[in-house]
Amino acid sequence: MSGDNFYRPADVQLCQGDVVDEVPSVHLRPPMQAIKPVSLRGNRPGFEAHPWEAALSGKVGGVRFDFSRGENVSAFCQCSRAVVLSFDCEIDQDRKHLLVALIRPLAAVQRVEDQNTIRENRNFGFWYMPADERFKFDESYLDLRRITCLDQAILGSTRRLASLSHDALRSLQRQLILYLTRRELV
Amino acid sequence: METSALDLGAHVAFTAVQQYVTAGVATHPGALLVTVSPVFGHTVSPSGHLRLSAIGGPLVAVHTNQVLSLKEASMDLDRITRPTQTESQPLSFEPDDYPLGF
């Protein structure tokens with residue numbers, strides 16, 4: 001499938017397969033820290049970080065944590081293009097939980113063998129996205145290992161660049177199933 | 001024939017398809033007749049979706065809205081009852097180690 005029939009202009013409403021710019025992608029990495037809002041000198045808002053293991057015990061340094069109700073933690077975050085994975089109905093009905101996957105530039109991949117592995121979708125953790133001059137897209141690939149759950153309000157100021165065509169979306173669904181199950185859709 | 005539950009189910013389904021195909025695909029193309037067995041339950045939707053079920057829940061569904069030869073039907077059944085895992089080709093680098101840089 002070439003770039004010409006891989007993308008289409010985005011619809012008015014957010015859809016599954018939309019390519020969106022400036023989307024945060026988080027990845028929890030060690031060492032994790034639990035954080036609590038505090039007031040700093042001059043009444044400036046700030047955060048106090050606590051070691052994850054200590055915070056899990058429920059109380060550290062006089063500060064209480066209740067992870068059954070939910071607490072804030074520090075997370076590694078990158079902002080990049082992303083593809084919306086959530087199904088259209090889910091997008092309409094649940095505005096607090098939107099699944100997006102991180103897009104990476106293929107040009108950053110140095111070895112030709114690795115580039116070809118990605119282009120041919122032979123590594124199931126990634127999905128190839130061809131270049132398209134209409135949308136000013138260079139060759140890229142979706143990182144299916146890096147799926148983030150967002151509140152749609154976070155996308156309020158981001159730009160929707162294009163959407164995947166029907167065939168491209170089917171290809172992505174197939175790759176996602178391969179990644180999760182190592183089995184073909186029947 | 002092996003005696004595991006999955007293989008027994010495949011055998012039962014295959015036998016049913018064989019009976020159906022010999023009974024006449026031309027009069028009712030695309031519909032598969034599968035007998036209920038201790039291993040598989042089944043449903044066939046009007047649009048031709050065949051769903052085989054293991055005891056305790058659905059196992060897999062396959063679209064059969066086309067004329068299938070006995071060979072095609074048996075291959076499909078073999079594929080869905082004993083799906084083969086596919087190998088993912090590893091990369092020689094970790095993408096997380098590189099900037100995104102759009």
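In the text below, chain A, chain B and the rest are named by the order of the sequence lines, each starting its count at 1.
Residue A:Arg104 touches chain B through both its backbone and its side chain, counting heavy-atom pairs closer than 4.5 Å. Within the 4.5 angstrom heavy-atom criterion, only side-chain atoms of A:Tyr141, from C-beta onward, approach chain B. With a 4.5 angstrom heavy-atom cutoff, A:Phe126 touches chain B only via side-chain atoms. Proximity to chain B (any heavy atom under 4.5 Å) is restricted, for A:Gln110, to the side chain, taken from C-beta onward.
Interface check for chain B: of the options A:Arg81, A:Gln78, A:His27, the most heavy-atom pairs under 4.5 Å are formed by A:Arg81. Between chain B and the options A:Asp143, A:Asn121, A:Thr181, A:Ile103, heavy-atom pairs under 4.5 Å are most frequent for A:Ile103.
Salt bridge present: A:Arg146 and B:Asp96 bring a charged side-chain N and a carboxylate O closer than 4.0 Å. Using a cut-off of 4.0 Å between Lys/Arg side-chain N and Asp/Glu carboxylate O, A:Arg95 and A:Asp92 are scored as not salt-bridged. With respect to A:Lys96 and A:Asp151, no salt bridge is recorded, no charged nitrogen being found less than 4.0 Å from a carboxylate O. A salt bridge is defined here as a Lys NZ or Arg NE, NH1 or NH2 lying under 4.0 Å from an Asp or Glu carboxylate O, and A:Glu139 with A:Arg119 meets this definition.
The cationic atom of A:Lys36 (NZ for Lys, CZ for Arg) lies less than 6.0 Å from the six-membered ring centre of A:Phe65 and within 45° of the ring axis.
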